[in-house]
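What follows is a set of notes on a single structure, which appears directly below.
Below, read A as the first sequence line, B as the second, and so on, with proteins coming before strands; counting in each chain starts at 1. Since this is a predicted model, take the numbers as computed values, not measurements.
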2 protein chains.
Amino acid sequence: MSEQQSYPSVWTRPRRTRREQPSLSREQIVAEALRLLDAEGIGALSMRRLGSQLGSVATAIYWHVANKDELIELVVDEVFGEVKVPVAGSRAEWREAAATLARDWRAMILRHPWTVHALDEMVSAFHGPNSLRLSDEMLALFEAAGFDLLEADHAGKTLISYVLGIATSEAAALSKLARGDQSEREWIQSLWPSADEAARDHPRLRALYAAYRDADPGKNREDSFAYGLERVLDGIEARLPRS
Amino acid sequence: MSEQQSYPSVWTRPRRTRREQPSLSREQIVAEALRLLDAEGIGALSMRRLGSQLGSVATAIYWHVANKDELIELVVDEVFGEVKVPVAGSRAEWREAAATLARDWRAMILRHPWTVHALDEMVSAFHGPNSLRLSDEMLALFEAAGFDLLEADHAGKTLISYVLGIATSEAAALSKLARGDQSEREWIQSLWPSADEAARDHPRLRALYAAYRDADPGKNREDSFAYGLERVLDGIEARLPRS
DNA sequence: ACAATGACTCGCACGGCGTACAAGAGCCCG
DNA sequence: CGGGCTCTTGTACGCCGTGCGAGTCATTGT
């Protein structure tokens with residue numbers, strides 16, 4: 001469909017497939033964009049590339065989508081759809097439900113680290129159906145725990161700010177690694193010169209690096225996330241009206 | 001210096017200013033880049049634009065800086081330099097010191113909302129001198145409070161993850177507004193259709209929007225940040241060995 | 001039966017981008 | 001005087017997003 005060889009005769013030219021349905025659709029475009037983003041990161045998503053991946057051309061996309069930003073908004077709302085909010089009937093269940101939500105949200109960001117580079121579009125995507133649902137369900141979760149509406153909003157924002165902050169750092173590092181600038185070995189090695197340099201003026205940093213020297217970085221990130229999550233939940237739980 | 005008119009005579013042509021010192025320097029380039037970023041956002045920073053702003057051309061910059069990413073790393077470390085960590089002698093002072101640090105850090109991000117789009121470069125910039133100092137001083141702050149090295153690291157990461165997460169959201173919204181896509185009035189109006197839409201399926205969201213209807217958005221953000229900050233500090237403080 | 005409309009797709013062109021590369025220009029040291 | 005060092009410039013390449021007009025169907029109105 002994309003190759004334009006010149007056919008020698010009308011007869012050999014393939015009859016235009018009757019247009020049973022449009023060859024492009026918004027869903028198809030969004031799906032392929034998501035595939036590209038997950039596979040190769042934000043740098044690989046260009047309208048030209050996306051068009052050819054769809055067996056078409058860049059400009060054809062503009063019928064279905066206003067511009068690239070809008071396309072990314074759609075993809076962002078799509079991945080918001082992957083986060084499910086657990087329902088908690090009792091206050092006892094609330095803490096575990098909130099923790100599960102936080103872990104799922106972080107996992108979603110780490111599955112799609114390019115979201116980190118789409119923050120502008122995320123602002124708009126917050127009006128998408130999936131993020132509206134997410135916000136609403138989260139509000140419900142915190143209300144069920146015993147907060148009134150406004151404090152439920154604040155508490156929820158607190159939790160997701162923590163998740164967003166830490167997952168964003170992780171995702172940025174991971175996607176930088178994944179883009180193949182350097183392997184994990186080289187990454188650590190590139191750290192050591194500045195660590196030595198730092199040793200002169202910053203003894204605490206040196207001690208910290210030494211402590212992390214031979215640890216599994218993935219496990220470190222998990223532990224660090226889990227630690228902070230407990231602290232944030234502690235702080236929020238302390239505000240709950242005593243049962 | 002950038003205009004290349006042909007002079008009619010050797011005499012009218014300005015004598016090449018003897019090169020007392022190079023006409024460009026890394027410091028100068030970084031400073032001008034920062035000015036551009038603060039004034040017009042990340043979209044306005046192109047090597048060509050920066051070059052002409054410096055009375056030169058884009059390619060001249062590459063003598064002083066390897067590439068655009070490295071330039072941004074330098075600017076990012078520069079703004080890290082704006083954050084000062086208060087020293088806390090006693091445990092009693094720790095909480096206020098940590099809160100001050102968090103507020104300063106957020107203020108820095110809101111002063112330079114483009115940092116939000118430079119996350120990849122921030123990962124590298126974490127090896128810059130200013131961020132090393134920042135990390136070290138923060139570690140010291142949490143150690144002084146009574147944590148051992150590793151928990152000080154975790155607790156510090158928790159606090160800055162929260163700050164980063166919430167300030168990032170704020171900055172993304174602010175810089176999108178600032179880019180003039182729409183005024184604050186239009187922004188709120190553009191919210192209402194989707195709020196009405198949301199009302200159908202998401203009654204809690206509607207109630208929340210109504211509650212925020214006539215409030216000052218700036219103050220809301222302040223309150224929200226302050227609330228979460230207290231919760232996070234509560235959660236961390238609860239882990240301190242009892243005095 | 002035929003024309004008109006609307007839904008899509010495509011080709012072309014514009015102005016911008018980062019940056020590789022090579023040629024200069026001014027200066028210092030021999 | 002001449003070579004080499006430091007720094008600046010011009011040119012060029014291959015990308016990018018997207019506005020615009022022309023083309024290609026399927027459907028609808030007459």
Side-chain angles (χ1 to χ4, degrees), chain A residues 1-7 10 13-29 32-33 36-37 40-73 75 117-118 120-121 179 181, chain B residues 1-7 10 13-29 32-33 36-37 40-73 75 117-118 120-121 179 181:
Chain A
M1 202 172 227
S2 71
E3 54 263 68
Q4 73 286 23
Q5 31 188 308
S6 64
Y7 294 93
V10 239
R13 179 182 44 188
R15 258 187 82 81
R16 287 260 184 207
T17 82
R18 45 142 81 253
R19 192 138 48 173
E20 319 99 17
Q21 64 196 27
S23 60
L24 251 45
S25 76
R26 177 178 277 198
E27 289 72 23
Q28 200 187 150
I29 291 169
E32 184 61 29
L36 253 168
L37 286 166
E40 307 186 41
I42 197 99
L45 182 67
S46 77
M47 300 302 270
R48 294 178 211 273
R49 174 92 189 273
L50 180 57
S52 81
Q53 215 85 63
L54 290 163
S56 181
V57 292
T59 50
I61 298 172
Y62 285 86
W63 180 260
H64 305 272
V65 154
N67 51 42
K68 192 182 182 182
D69 282 359
E70 185 183 299
L71 170 60
I72 297 186
E73 284 174 32
V75 184
H117 305 277
D120 269 23
E121 291 80 12
R179 215 166 318 112
D181 297 11
Chain B
M1 205 171 229
S2 70
E3 52 264 67
Q4 74 286 23
Q5 30 187 310
S6 64
Y7 293 93
V10 238
R13 178 182 45 191
R15 256 187 84 79
R16 289 258 182 207
T17 81
R18 44 143 82 254
R19 193 140 46 174
E20 318 99 17
Q21 64 196 28
S23 60
L24 250 46
S25 75
R26 175 177 280 199
E27 289 71 24
Q28 199 187 149
I29 291 168
E32 185 61 30
L36 253 169
L37 286 167
E40 306 186 43
I42 196 98
L45 183 66
S46 78
M47 299 302 270
R48 294 178 212 271
R49 175 93 188 273
L50 180 58
S52 81
Q53 214 85 63
L54 290 163
S56 181
V57 291
T59 51
I61 298 172
Y62 284 86
W63 179 260
H64 306 272
V65 155
N67 51 43
K68 191 181 182 181
D69 282 359
E70 186 182 299
L71 170 61
I72 298 185
E73 284 174 32
V75 185
H117 305 279
D120 269 25
E121 292 79 13
R179 214 163 322 110
D181 297 12

Once side-chain hydrogen bond (donor to acceptor under 3.5 Å, both in side chains) is applied, do any residues pair with A:R49, and if so which ones, sequence neighbours excluded?
A:E40, A:Q53

Could you work out, with side-chain hydrogen bond (donor to acceptor under 3.5 Å, both in side chains) as the rule, every residue matching B:E121, not counting sequence neighbours?
none

Expressed in angstrom and rounded to an integer, what is the separation of [X] atom [atom1] from [N] atom [atom2]?
X: A:L24; N: C:dT9; atom1: CG; atom2: P; value: 5 Å
X: A:I72; N: D:dG17; atom1: CD1; atom2: C1'; value: 12 Å
X: A:I61; N: D:dC16; atom1: CD1; atom2: P; value: 12 Å
X: B:R49; N: C:dG15; atom1: CZ; atom2: C1'; value: 16 Å
X: A:I42; N: D:dG17; atom1: CD1; atom2: C1'; value: 14 Å

Scan for salt bridge (Lys or Arg N to Asp or Glu O under 4.0 Å) pairs involving [range], sequence neighbours excluded, and state none if there are none.
range: residues 54-65 of chain A; answer: none
range: residues 52-63 of chain B; answer: none
range: residues 51-72 of chain B; answer: B:R26-B:E70

So does B:H64 get a side-chain nitrogen or oxygen closer than 4.0 Å to the phosphate oxygens (OP1/OP2) of D:dT8?
yes

Taken to the nearest 0.5 Å, the spacing of A:I72 CD1 from A:L37 CG works out to 6.5 Å

So A:L45, base contact, sugar-phosphate only, or nothing? Heavy-atom distance under 4.0 Å.
sugar-phosphate

Give every pair of a protein N or O atom and an N or O atom of nucleotides 19-22 of chain C that lie under 3.5 Å apart, one pair per line with the distance.
residue: C:dT19; atom: OP2; partner: B:Y62; partner atom: OH; Å: 2.7
residue: C:dT19; atom: OP2; partner: B:K68; partner atom: N; Å: 2.9
residue: C:dT19; atom: O5'; partner: B:Y62; partner atom: OH; Å: 3.3

